[in-house]
Engineer: 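Dropping a structure here in structure tokens format, bear with me for questions.
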Amino acid sequence: MKSFTSVKQLGDLQKAFEAAKYVKEHPFADQALGKNKTLLLVFFNNSLRTRLSTQKAGLNLGMNVIVLDVNQGAWKLETERGVIMDGDKSEHLLEAIPVMGCYSDLIGVRSFARFESKEDDYNEVILNQFIKYSGKPVFSMEAATRHPLQTFADMITIEEHKKKARPKVVMTWAPHPKALPQAVPNSFAEGLNMTDYEFVIANPEGYDLAPEFVGNAKVTHDQDEALEGADFVYAKNWAAYEGENYGKVINKDMGWTVTKEKMALTDHAFFMHCLPVRRNMIVSDDVIESPQSLVIPEAANRVVSAQTVLKMLLQSL
Ligand code: AN0
Ligand code: CP
């Protein structure tokens, strides 16, 4: 594996789940693999889980781990080529990236969609510059269009909790005050399309995701209908994707909050969310605190997903 930017690069899912199970049961078995190797994590955006779980994954593998928060303490970076740099940005990404490459063996990058240009976001301009200019294997810690380490952790969590071979998994949009990227839902859809589960996406009109990510999922604008008989409810907010509304919040319909009444429509479903979550916007207190809530096991599996992927990357160095 040269870089890791999409769950599709996991290849055979059953083998990936087995690799994850081994990592979970033997977290310190591969310390020799990472010895004297440096993991650099670069954050253009905030993070709690990704930051801590990926560091822990690297440490479990015996790696040295260094972290850079680009917006706190580093020079402000210009990302466009050809700009006359007479403003507030002191350094260009085109120097910064190869310099970071000099100090590391593997590089993780978090760089959210900026919602300034759909084309730039969906072409992953920042992540791809790291891949092109760092000279090192790069992995996504949530880029503009995907969050593969989250999706892999979500899929491991479903695998661990499913009670039937083909569970019904419903990904539902839920309201949020601010515009959030489509990376998590795109990536989850990409992952679920690799399985033979029944997969339904529920969102209000105007919030349809990009067709290349929706794939074979059934899409409905009726949340109640989608929830009927669900085994897993995966809630997430995302900003609009389509047309002029790209990156905008076009409605905050509180009728889409996942409540006890909504969960009663399901087949005693598990509740999932990648976190951070806004309570009583996305999900009610009682649902997230219920025994059916998997949000903490899901976050715990972020170490497993990161460690499994880092191990694969180290093995192909
Ligand atoms: C981010 C998002 O929705 O993509 C990160 C989630 C893992 N969420 C927020 O910015 C609140
Ligand atoms: N789920 C997730 O990626 O969380 P952070 O944004 O806190 O890393």
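Counting starts at 1 for both ligands and their atoms, following the listed order. All residue numbers refer to positions in the sequence shown, counting from 1.
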Engineer: Do V67 and V303 share a hydrophobic cluster, counting only Ile, Leu, Val, Met, Phe, Trp and Tyr and linking them when any side-chain heavy atoms are less than 4.5 Å apart?
Structural biologist: no
Engineer: Rounded to the nearest 0.5 Å, what separation is found between the CG atom of N280 and the CD1 atom of I288?
Structural biologist: 9.5 Å
Engineer: Tell me, please, which residues at least two apart from K252 pass salt bridge (charged side-chain N to carboxylate O under 4.0 Å, His left out).
Structural biologist: none
Engineer: Quiz question: by atom type and distance under 3.5 Å, do the side chains of S187 and Q150 form a donor-acceptor pair?
Structural biologist: no
Engineer: Need the list: ligand 2 N/O atoms against protein N/O atoms, distance under 3.5 Å, rounded to one decimal.
Structural biologist:
from     : atom 1 : to   : atom 2 : distance (Å)
ligand 2 : 1 (N)  : Q150 : OE1    : 2.9
ligand 2 : 1 (N)  : C274 : O      : 3.0
ligand 2 : 1 (N)  : L275 : O      : 2.8
ligand 2 : 1 (N)  : R302 : NH1    : 3.4
ligand 2 : 3 (O)  : T50  : OG1    : 2.9
ligand 2 : 3 (O)  : R110 : NH2    : 3.1
ligand 2 : 3 (O)  : H147 : NE2    : 2.9
ligand 2 : 3 (O)  : R302 : NH1    : 3.0
ligand 2 : 4 (O)  : R49  : NE     : 2.8
ligand 2 : 4 (O)  : L275 : O      : 3.4
ligand 2 : 6 (O)  : R110 : NH1    : 2.8
ligand 2 : 7 (O)  : L48  : N      : 2.7
ligand 2 : 7 (O)  : R49  : N      : 2.9
ligand 2 : 7 (O)  : R49  : NE     : 3.3
ligand 2 : 7 (O)  : R49  : NH2    : 3.0
ligand 2 : 8 (O)  : S47  : OG     : 2.7
ligand 2 : 8 (O)  : R49  : N      : 3.4
ligand 2 : 8 (O)  : T50  : N      : 2.8
ligand 2 : 8 (O)  : T50  : OG1    : 2.6
ligand 2 : 8 (O)  : R110 : NH2    : 3.4

Engineer: So, applying ring pair (Phe, Tyr, Trp, His ring centres under 6.0 Å) with F232, which one of F271, F270, F188 is it?
Structural biologist: F270
Engineer: Determine whether the side chains of D286 and S284 contain a donor N or O and an acceptor N or O closer than 3.5 Å.
Structural biologist: yes
Engineer: Kindly print each ligand 1 N/O atom paired with any protein N/O atom under 3.5 angstrom away, one pair per line, or none if nothing qualifies.
Structural biologist:
from     : atom 1 : to   : atom 2 : distance (Å)
ligand 1 : 3 (O)  : K236 : NZ     : 2.7
ligand 1 : 4 (O)  : E142 : OE2    : 2.6

Engineer: Sort out for me which residue in T50, T54, N46, N45 forms a side chain to side chain donor-acceptor pair (under 3.5 Å) with R110.
Structural biologist: T50
Engineer: Could you identify which residues cluster with Y241, counting Ile, Leu, Val, Met, Phe, Trp and Tyr as linked when any side-chain heavy atoms lie under 4.5 Å apart, either directly or through a chain of such contacts?
Structural biologist: F115, Y122, F213, Y246
Engineer: Strictly below 4.0 Å, N to O, side chains only: are D121 and R114 in salt-bridge contact?
Structural biologist: no
